[in-house]
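Please read the structure below before turning to the comments.
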Protein chains: 2
Amino acid sequence: MVTAVTNTEPRRRNRRGEGGKLREEIIAAAVALLDEGGDERAVTLRSVARKAGIAAPSIYAHFADQPSIMLAVVQREMDALAVALREADENAGPDARRRLFAVCTTYLDFARVHPQRYRIMFGGLWTPSVDDTSITDADLDSLGAEALTLLADVLGACVDQGIAHGSDDLYGDAVALWLGLHGLAHQRAVVRKMPGPADVGERLITALAHLK
Amino acid sequence: MVTAVTNTEPRRRNRRGEGGKLREEIIAAAVALLDEGGDERAVTLRSVARKAGIAAPSIYAHFADQPSIMLAVVQREMDALAVALREADENAGPDARRRLFAVCTTYLDFARVHPQRYRIMFGGLWTPSVDDTSITDADLDSLGAEALTLLADVLGACVDQGIAHGSDDLYGDAVALWLGLHGLAHQRAVVRKMPGPADVGERLITALAHLK
DNA sequence: CCTTTCACTTACAGCCGTTAGCTTATGGCT
DNA sequence: AGCCATAAGCTAACGGCTGTAAGTGAAAGG
């Protein structure tokens, strides 16, 4: 599967005010390349340009350099994940156990449905160049803080409803729970077949949330 | 820091029967490149050759192609990790809690001391080419099975000594514990600074081993 | 001395990121 | 309707790095 470089149409140029649309198309092209199963080395400036149907230098109107593309992809997917988690929590109703499993399952599903995206988001390869729109600390903390606060919140609800053993450090428990989820999510995103029982996810959640 | 391409000595050629020595030197050079902090993209066939002080094509006498080098590195480090884990277990004495924490701490320490090595071992980027000495399933299961059996063994000892709650599936619990450790180890290997409390490792171990 | 092992030099073709300068469609203005 | 400034994207080209192939030299040791 080479996904056809054959560009049937030479792509209609964007209209006057809508030059910025191309930026989104570039990010989408990069994500598409990832999803096609090739690893992140397949996402080069030139391959992205080909996928988007534009000439390579046209990217420089929207991104400073190649790493910036990857950075934008990570940012977009981080936001998408955060939104999905909040949504899952809100749609789960008032029951704390339901909320907990909804959030955790949504997290795990993201990694399973988009393994390549998950890999670049948390695989730590989007270059720690400390310049321009740098993420690295601030933005990882952004999702970090956001998702972890959500998790701590749900854990607190579990304690309040009496289905989990309390703790003096809810945030620390949230971090531990997230680390467990991350371990499973990352491993699933990396290998073809996971060892161990199918319900290992539930075991992780049950143990790390101290459910009774 | 460019680590000096300046090869003072042109490197003494190996003696008659010892041609195979170069193979080890090549692997060591690749590992050295990793440890220098550059990511795995810095480990190219040519850079490895430069680091080892040999000409690039000389590698082909010992490795079929570039991915094979990475593969050999992963194999070597997998073995080293397995040995370290067994050693830690044997040196921990008979106390089950000590054994458990010795093994887990050793695992976590490996990832902290050699983050780049850990990343390529479990980051799933050493190309899933299904040919020649392929690892991918067999050899990951090798460490997988080995380390997981060890963990299950230690967990069983914890139950026997009455310091942990029993379970009907010890191997499943071992997998869950390993996933937690992996989550922490990988995250530490990837980001500069981890959120959360310092004792998060002990929390993971305590919760996932069902310690009382 | 002469064979065999070990490693080297040279070279090719392909991809990469990036710079410089050019073309073309768009849409407001006269 | 016609002009024409400008936004939007293109072509050509550079230097550098990559993996790999083909053929060459030198040292070791029987």
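Residue numbers start from 1 in every chain, and the chains themselves are labelled A, B, ... in the order their sequence lines are given, proteins ahead of strands. Everything quoted here is computed from the prediction, not taken from an experiment.
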Residues which pass salt bridge (Lys or Arg N to Asp or Glu O under 4.0 Å) with B:Arg46, listed by chain and number, not counting sequence neighbours
none
With sequence neighbours excluded, tell me which residues meet ring pair (Phe, Tyr, Trp, His ring centres under 6.0 Å) with A:Phe63.
none
Take atom CD1 of A:Ile26 and atom C1' of D:dA8, then tell me their distance rounded to the nearest Å.
12 Å
Provide, to the nearest angstrom, the distance between the CZ atom belonging to A:Arg11 and the C1' atom belonging to D:dC10.
12 Å
Within the pair A:Tyr60 and C:dT19, is there a side-chain N or O less than 4.0 Å away from OP1 or OP2?
no
For D:dA28, does OP1 or OP2 lie under 4.0 Å from any side-chain N or O of B:Arg12?
yes
Residues which pass salt bridge (Lys or Arg N to Asp or Glu O under 4.0 Å) with A:Arg112, listed by chain and number, not counting sequence neighbours
A:Asp109
Could you check whether the rings of A:His186 and B:His182 sit parallel, tilted or perpendicular, using 30° and 60° as the cut-offs?
tilted
Rounded to whole Å, please give me the gap between CG in A:Leu45 and C1' in C:dC15.
12 Å
Here the distance between atom P of D:dA26 and atom CD1 of B:Ile54, to the nearest Å, is 19 Å
To the nearest angstrom, the CZ-C1' distance between B:Arg23 and C:dC6 comes to 17 Å
For the pair made of CZ in A:Arg13 and P in C:dT23, what is the distance, rounded to whole Å?
13 Å
The salt bridge (Lys or Arg N to Asp or Glu O under 4.0 Å) partners of B:Arg76 (sequence neighbours excluded) come to none
Given atom CD1 of B:Ile59 and atom C1' of C:dC6, what is their separation to the nearest angstrom?
15 Å
Among residues at least two apart in sequence or on other chains, which ones pass side chain to side chain contact (heavy atoms under 4.5 Å, CB included) with B:Asp153?
B:Arg99
Between the protein and nucleotides 11-17 of chain D, are there any N/O to N/O pairs under 3.5 Å, and if so, what are the atom names and distances?
none

Rounded distance (Å) that lies between atom C1' of C:dC16 and atom CG of A:Asp65:
14 Å
